[in-house]
Amino acid sequence: MDTGSIVLLSVCMLIALITDTTRMIIPNTLTVGGAAAGLLYHTTISGWEGFLFSFAGLASGFGLLVLLYAFGGIGAGDVKLFGAIGAITGTLFVIECLMYSIIYGAFIGILLFIIKKQLLYRISKIYYQMISLMWADKVKIRWRNGSENQYMQFPFMYAVFPAGLTSLYYAFM
C-alpha cells in the first residue's frame with residue numbers, strides 16, 4: 001500500500017471515529033467523498049487498472065457489509081464506510097479489516113455483557129433457545145427478565161478503528 005492510500009484511509013477513519021463516537025452517525029459526505037477520493041486517486045495513479053482495483057474494493061466492502069446491515073447488525077453508515085475503505089485500499093485490505101472488525105466487535109460485546117452483568121443470562125438464553133428448537137413441541141420456556149428484547153449498542157468504529165490499525169500493521173509486516 002502506498003503513502004497516498006494510507007493518508008486517505010487515515011483521514012477517513014479518523015473522521016468516522018470522531019463522528020460515530022460523538023453522534024452515532026457516519027456522514028454521507030465522508031463515505032461518498034472517501035469512495036470518490038479512492039476511485040480518483042487510483043485512477044490517476046494507475047489508469048484503468050487502478051480504477052478497476054478501487055472499484056472492486058468498493059464493491060467488496062459495500063457488498064459484504066450489506067449482509068450485516070440486512071440482519072440489523074450494523075448501520076447504513078458503516079456499510080458505506082466499508083465501501084469507501086475498499087475504494088481506498090482494495091479488496092484484500094477491506095476483507096481483512098472486516099474480519100478484524102468482527103473479532104474486535106465480539107470482544108467489545110462480550111466485555112459489555114460482563115460489565116452489565118448479563119453474560120451468563122445471554123449464554124443461558126442461547127442454550128435454552130437451542131434446546132427449545134430441538135424439542136419445540138415439548139419445552140415451554142418463560143423468561144423472568146423482561147429486558148431480553150433490549151439491544152446493547154456501541155459505535156462500530158470502536159471495532160473498525162483498531163481493525164484498520166491491525167490491518168495496516170500486517171500489511172507492512
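If you read the sequence from its start, that first residue is 1, and numbering goes on from there.
Expressed to the nearest 0.5 Å, how far OG1 of T21 lies from OH of Y158 amounts to 5.5 Å.
Note: Y100 and Y170 have parallel aromatic rings, judged against thresholds of 30 and 60 degrees for the angle between ring planes.
Listed for the S54 side chain is no donor-acceptor partner under 3.5 Å among the backbone atoms of G50. Looking only at distances, no side-chain donor or acceptor of S5 sits under 3.5 Å from a matching main-chain atom of T89. With hydrogens and angles disregarded, a donor-acceptor distance shorter than 3.5 Å links the side chain of H42 to the backbone of I88. Using a distance-only test at 3.5 Å, with no hydrogens or angles considered, no donor-acceptor pair links the side chain of S46 to the main chain of T43.
Transitive grouping of hydrophobic side chains (ILVMFWY, heavy atoms separated by less than 4.5 Å) keeps L17 and I103 in distinct clusters. Both V11 and M157 are part of a single hydrophobic cluster, where members link through side-chain heavy atoms under 4.5 Å apart. Residues L68 and M24 are members of separate hydrophobic clusters, defined by side-chain heavy-atom contacts under 4.5 angstrom among Ile, Leu, Val, Met, Phe, Trp and Tyr. Both V66 and I74 are part of a single hydrophobic cluster, where members link through side-chain heavy atoms under 4.5 Å apart. Residues M1 and L92 do not share a hydrophobic cluster, clusters being chains of Ile/Leu/Val/Met/Phe/Trp/Tyr side chains in contact below 4.5 Å.
Annotation for L39: hydrophobic cluster partners, listed by chain and number, are W48, F51, L52, F55, L58 (ILVMFWY side-chain heavy atoms under 4.5 Å, direct or chained).
Within a 6.0 Å sphere centred on OH of Y169, heavy atoms belonging to other residues, nucleotides or ligands number 12 at most.
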Open item on the list: Under the criterion side chain to side chain contact (heavy atoms under 4.5 Å, CB included), I'd like the reasoning laid out for F156 against F161: C-alpha separation, chi angles, the key distance, then a yes or no.
Closed with: CA-CA 9 Å; F156 193 44; F161 193 76; over 6 Å; no
Open item on the list: side chain to side chain contact (heavy atoms under 4.5 Å, CB included), that's the test. Do I85 and M13 meet it? Break it down for me.
Closed with: CA-CA 8 Å; I85 291 171; M13 287 189 64; 4.3 Å; yes
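The closest side-chain heavy-atom distance from Y41 to D2 is below 4.5 Å.
Residues passing the side-chain hydrogen bond (donor to acceptor under 3.5 Å, both in side chains) test with T166, sequence neighbours excluded: Y104.
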